[in-house]
Q: 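Okay, handing you the structure first.
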Amino acid sequence: MTEQAQDENKLIAQRRAKLTDLREKGVAFPNDFRRNTVAGELLAEYSEKTPEELEALGIRVCVAGRLMSRRVMGKASFAHLQDMSGRIQLFVQRDNLPEGVYPDFKKAWDVGDILGAEGQVFKTKTGELSIRCDSIRLLTKSLRPLPEKYHGLTDQEQRYRQRYVDLIMNETTRETFRIRTRMVQYIRNFLNDRDFLEVETPMMQAVPGGAAARPFTTKHNALDMDLFLRIAPELYLKRLVVGGFEKVYEINRNFRNEGLSTRHNPEFTMLEFYEAYTDYQDLMNLTEEMLRGMAEEVLGSTTIHYQGESYDFGSPFIRMTVKEAILKYRPDITEADLDDLDRARTMAENLEIPLKESYGLGKVQIEIFEKVAEHRLMNPTFITAYPTEVSPLARRNDDNPFVTDRFEFFVGGREIANGFSELNDAEDQAERFQQQLNERAAGDDEAMHFDADYLRALEHGLPPTAGEGIGIDRLVMLFTDSPSIRDVLLFPHMRAE
RNA sequence: GGGCCGUUAGCUCAGCUGGUAGAGCAGGGGACUCUUAAUCCCUUGGUCGAAGGUUCGAAUCCUUCACGGCCCA
C-alpha cells in the first residue's frame with residue numbers, strides 16, 4: 001500500500017470515480033477559462049446598486065473559484081464561489097444553461113471543486129448580489145471533502161499541518177497572513193523612503209555570528225566543509241557598512257537550534273537594519289516612528305488589542321534603564337545591591353535564579369531583570385544601558401564603560417527588538433570575542449565564535465553606526481492578536497506525523 | 001525537561017459507575033425554480049491515536065509510546 005492510500009475513504013473514492021468519468025469525456029483539467037473580475041471587486045462595485053439599476057446595467061462577468069456551498073431546490077440552485085478576494089453567490093437554473101450542464105452541477109460536482117461561471121450580475125429577493133449563470137464549468141475536480149461548513153476546521157494540529165485547508169476554510173487565517181505581508185511591506189517602504197538599501201547576506205556561514213544561540217549545522221559536500229545556518233545577519237550587514245553602504249537592511253530568515261514553544265520556531269524572520277552616523281537614541285526614535293506608523297497604516301489605530309489587553313502605540317514609548325526597571329518592580333532591592341557582585345548574587349539566589357560560577361555582575365543583573373521586570377513591560381518600552389558583559393557587539397557607554405549604548409524593546413512582556421550603537425573599535429571587539437571564547441570554553445555553547453574576518457573588516461574602519469534587529473513574527477503576533485507563533489507562520493515547524 | 005488536558009465517521013462533537021459505538025453536517029437515493037447552517041423523507045459510513053496489560057467482556061480501567069494544546073522551567 002502506498003502512503004497516500006492509507007487515508008482513502010468512500011468519499012474520496014466517489015470523487016475519484018467522478019474524475020475518471022471526466023477523463024473519459026476529454027480534458028479533465030482544462031486551463032482555457034479566463035475570468036474578468038473577482039468576487040470582492042463585484043461586491044465593492046455593485047453592492048449599493050438597486051435590483052432595477054443592475055437590470056438596466058446588464059453587466060456580464062466571468063468569475064472562477066472554489067465551490068464552498070450549494071443549495072439545490074429542484075431545477076434551481078444557489079451556490080457560493082470563493083476566490084482570493086471573497087465570495088460571490090451564483091444562481092444556477094437548469095433552464096438557463098445548456099442541456100446537460102445542470103445535472104452535472106447537481107451530481108457530478110462537489111463542494112470544494114474549482115468552477116468557472118459566466119452570467120449577469122443581479123440581486124436576489126433577499127438583496128444578495130449574485131450572478132445568474134448561463135454558463136458554468138468544472139475547472140478542477142477536488143478529490144478530498146472539505147471540513148464541515150458551519151464549524152469549519154478548528155483542530156489546531158490540522159490547521160498547522162494542512163494550512164491549505166485552513167486557508168480555504170478560515171477567513172481569520174487569511175487575514176492574519178495578509179496583515180503580515182502588509183506589515184513587511186510597510187517596513188520596506190519606510191526604510192526605502194529613508195534611502196536604506198535592501199540586501200541579502202549569507203544564510204550559510206562558515207562562522208555563525210551576531211547572536212548568542214545554538215546554530216544548525218550542515219555540510220557542503222564539494223568543498224568538504226562544515227557550514228552553519230545563520231543565527232543572525234548582523235556581522236555581514238556591518239561589513240557592508242564598512243564597504244560604504246551606509247544604510248542597509250535585510251528582512252529574512254534566521255535559524256536557531258532551540259526548543260519549540262508558542263514564541264519560538266526554529267526558523268523565524270528578522271528585520272535587521274544599520275545606519276551610519278547615528279546612535280542608539282536615534283534608533284529608538286526611528287523605531288518608535290516606524291511602529292506607530294505601522295499600527296496606523298496596517299490596523300488603522302495606535303491601540304493594539306492583544307489577548308484581552310490593550311497596548312498604546314500612540315503615546316511616547318517608555319524609556320528606562322535595566323537598573324531602573326529592576327528598582328521599579330522590586331522596591332525592596334537597592335541600587336547598591338545591584339552594583340556589588342556578592343550582594344547581587346545573593347539577590348538572585350533569593351529570587352531562585354540559577355547562576356553559574358562564571359557569571360559576572362552584568363550577567364547577574366540581566367538575570368534579575370529578566371526575572372522581575374521583563375514580563376511586566378506591557379506598553380511599548382525601551383530598556384537601555386545593558387551591561388557590556390552581555391552585549392559583546394555593542395559600543396561601550398562613554399561615561400560608564402560597564403554598560404553599552406544598547407536597548408531592547410518590549411511590548412506585552414515580550415522582547416520585540418534589540419538595538420545598539422555598534423562597537424566599531426576593532427581592538428575592543430577582539431577582546432570581546434576573546435571573552436566569548438573563554439565563556440565557550442567554560443561550557444556556554446551559546447557564546448559567540450571568534451570571527452577574524454569580521455575583525456579585519458572593522459580594522460578598515462566601521463563609521464559610527466547604530467543597528468537593530470526586530471523579530472517580525474512576534475510583532476505580527478501582536479498585531480494580529482495571535483497567541484502562538486505558529487498562527488503567524490504559514491507552515492510552522494511540526495514533528496513528523 | 002515537568003505538570004495538566006486532549007486524540008471516537010471526511011469535519012464538529014456525544015458516548016455516565018466496563019456490556020463490542022451515536023448525533024449534526026458532508027456523502028448516497030428521492031422531492032423541491034429566491035436559498036444562504038435551505039427545507040422534507042429514506043440511507044451508507046468506524047483499526048474509538050498505537051502497543052501491551054487487567055477482565056468472562058475495554059472507546060471506557062492501568063502501563064508505555066506517538067502527536068497536539070495549555071501552563072511552568
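Throughout, a chain's letter reflects where its sequence line sits, starting with A, and its residues are numbered from 1.
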Q: What is the distance, to the nearest angstrom, from the CD atom on A/E148 to the P atom on B/rA23?
A: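 It is 15 Å, rounded to the nearest whole Å.
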Q: Is the A/Y102 ring parallel, tilted or perpendicular to the A/F105 ring (thresholds 30°, 60°)?
A: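 The rings of A/Y102 and A/F105 lie parallel, inter-plane angle below 30°.
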Q: Within this structure, what is the NZ-to-P distance between A/K107 and B/rC32, rounded to whole angstrom?
A: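 Computing the A/K107:NZ to B/rC32:P distance gives 12 Å.
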Q: Hey, is CD on A/E497 packed in by over 12 heavy atoms from elsewhere, all under 6.0 Å?
A: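 Open: at most 12 neighbouring heavy atoms sit under 6.0 Å from CD of A/E497.
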Q: For nucleotides B/rU20 and B/rA58, find the distance between their C1' atoms and express it as a whole number of Å.
A: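 So the two C1' atoms sit 9 Å from each other.
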Q: Sticking with atom P, work out how far B/rG46 lies from B/rG6, rounded to a whole angstrom.
A: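 So the two P atoms sit 26 Å from each other.
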Q: Look at A/K75 and B/rA31 and indicate whether a side-chain polar atom (N or O) is within less than 4.0 Å of OP1 or OP2.
A: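 Answer is no, no contact under 4.0 Å.
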Q: Between P on B/rC25 and NE2 on A/H151, what's the gap in Å once rounded to a whole number?
A: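 To the nearest whole Å, that distance equals 11 Å.
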Q: Are the aromatic rings of A/F317 and A/F409 close, with centres under 6.0 Å apart?
A: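 Under 6.0 Å, so yes.
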Q: Rounded off to whole Å, could you give me the CG-to-P distance for the A/L146 and B/rA26 pair?
A: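 Roughly 13 Å, once rounded to whole Å.
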Q: Can you tell me whether the base of B/rU20 sits syn or anti, using the 90° cut around 0 to define syn?
A: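 That one's syn.
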Q: Using the P atom in both, what is the distance from B/rG28 to B/rA14, to the nearest Å?
A: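 Pairwise P distance, B/rG28 against B/rA14, rounds to 28 Å.
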Q: If we call it a pair only when both distances are under 3.5 Å in a Watson-Crick or G-U wobble match, what pairs with B/rG18?
A: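 When the pairing criteria are applied, nothing turns out to pair with B/rG18, so the answer is none.
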Q: Hey, are A/K356 and A/D444 close enough for a salt bridge, meaning a charged N less than 4.0 Å from a carboxylate O?
A: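 Salt bridge between A/K356 and A/D444, a charged N being under 4.0 Å from a carboxylate O: no.
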Q: Counting only Watson-Crick or G-U wobble pairs whose two distances fall under 3.5 Å, which nucleotide matches B/rU55?
A: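 Across any shown strand, B/rU55 pairs with none.
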Q: Base contacts versus sugar-phosphate-only contacts with protein, heavy atoms under 4.0 Å: please encode nucleotides 68-73 of chain B as B, S and - from 5' to 3'.
A: SSS---
Q: With respect to the side chain of A/K10, which nucleotide from B/rC34, B/rG10, B/rG45 is positioned closest?
A: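 Looking only at heavy atoms from C-beta outward on A/K10, the closest nucleotide is B/rG45.
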Q: Check the distance between B/rA38's C1' and A/Q89's CD and give it to me in whole angstrom.
A: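 From A/Q89 CD to B/rA38 C1': 11 Å.
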Q: Measure distances between side-chain N and O atoms of A/T154 and base N and O atoms of B/rU12, and say whether any donor-acceptor pair falls under 3.5 Å.
A: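 Checked by distance alone, the answer is no.
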Q: In terms of ring plane angle, is the pair A/F122 and A/F91 parallel, tilted or perpendicular, where the classes change at 30° and 60°?
A: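 The rings of A/F122 and A/F91 sit tilted, inter-plane angle from 30° to 60°.
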Q: As a test of reading the structure: which of B/rG29, B/rC11, B/rG28 is closest to the side chain of A/D110, going by heavy atoms?
A: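 Of B/rG29, B/rC11, B/rG28, B/rG28 is nearest to the side chain of A/D110.
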Q: Could you say whether A/Q158 or A/Y150 is positioned toward the 5' end of RNA chain B, judged by the nucleotide with the nearest heavy atom to each?
A: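 Per heavy-atom nearest nucleotide, the more 5' residue is A/Q158.
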Q: Are A/K75 and A/D95 ion-paired here, with the side-chain N under 4.0 Å from a carboxylate O?
A: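 A salt bridge is absent here (no side-chain N lies under 4.0 Å from a carboxylate O).
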Q: Using a heavy-atom cut-off of 4.0 Å across all strands, would you classify A/G152 as base, sugar-phosphate, or nothing?
A: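 The answer is sugar-phosphate, as A/G152 gets under 4.0 Å only of primed atoms, P, OP1 or OP2.
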Q: Side chains of A/R180 and A/I472: closer than 4.5 Å at any heavy-atom pair?
A: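 Heavy-atom side-chain distance check passes, below 4.5 Å.
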Q: Does any nucleotide pair with B/rU12 by Watson-Crick or G-U wobble geometry, both distances under 3.5 Å, and what is it?
A: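 Per the H-bond distance test, B/rA23.
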Q: Using OP1 and OP2 only, check whether a side-chain N or O of A/K18 sits under 4.0 Å from B/rG28.
A: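 Result: yes.
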Q: Which value, in whole Å, describes the distance between the P atoms of nucleotides B/rC65 and B/rC48?
A: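 The same atom, P, in both gives a distance of 22 Å.
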Q: Counting only Watson-Crick or G-U wobble pairs whose two distances fall under 3.5 Å, which nucleotide matches B/rA50?
A: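 Its partner is B/rU64.
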Q: Between A/R256 and A/A211 (side chain of the first, backbone of the second, donor and acceptor by atom type, cut-off under 3.5 Å), is there such a pair?
A: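 Such a contact is absent between A/R256 side chain and A/A211 backbone.
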Q: Is A/R70 touching bases, backbone alone, or none of the nucleic acid, heavy atoms closer than 4.0 Å?
A: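 Sugar-phosphate, no base atom in range.
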Q: State the pairing partner of B/rA38; accept Watson-Crick or G-U wobble contacts with both distances under 3.5 Å, and report none otherwise.
A: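 B/rA38 is paired with nothing.
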Q: Whole Å only: how far is the CG atom of A/L143 from the C1' atom of B/rG27?
A: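 Rounded to whole Å, this separation is 15 Å.
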Q: How long is the line joining CZ of A/R159 and C1' of B/rC67, in whole Å?
A: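 One finds 17 Å between C1' of B/rC67 and CZ of A/R159, rounded.
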Q: What nucleotide, of B/rG30, B/rG27, B/rU33, holds the atom closest to the side chain of A/A76?
A: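 In terms of side-chain proximity for A/A76, the closest of B/rG30, B/rG27, B/rU33 is B/rU33.
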Q: In the structure shown, which nucleotide is the Watson-Crick or G-U wobble counterpart of B/rG1, with both distances under 3.5 Å?
A: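 Here B/rG1 is engaged in a pair, and the nucleotide opposite it is B/rC72.
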Q: Within the structure shown, what part of the strands sits under 4.0 Å from A/V111 by heavy-atom distance: base, sugar-phosphate, or nothing?
A: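 The residue A/V111 makes no contact with any strand.
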Q: Other residues, nucleotides and ligands only: do more than 12 of their heavy atoms fall within 6.0 Å of CE on A/M73?
A: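 It does: A/M73 CE has more than 12 such atoms within range.
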Q: Given B/rA38, is OP1 or OP2 found less than 4.0 Å from the side-chain N or O atoms of A/R71?
A: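 Yes, A/R71 has a side-chain N/O under 4.0 Å of OP1/OP2 on B/rA38.
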Q: Looking only at side-chain atoms of A/F91, point me to the closest of B/rU35, B/rC34, B/rG28.
A: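 Output: B/rC34.
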Q: Compare the minimum distances between each of B/rU35, B/rU33, B/rG27 and the side chain of A/Q93, then state the nucleotide with the smallest one.
A: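 Looking only at side-chain atoms, A/Q93 lies closest to B/rU33.
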Q: Decide, yes or no, whether a salt bridge links A/R495 with A/E157 under the criterion of side-chain N to carboxylate O below 4.0 Å.
A: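 No, no charged N to carboxylate O under 4.0 Å.
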Q: Just how far, in rounded Å, is C1' of B/rG10 from NZ of A/K149?
A: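 After rounding, the reported distance stands at 14 Å.
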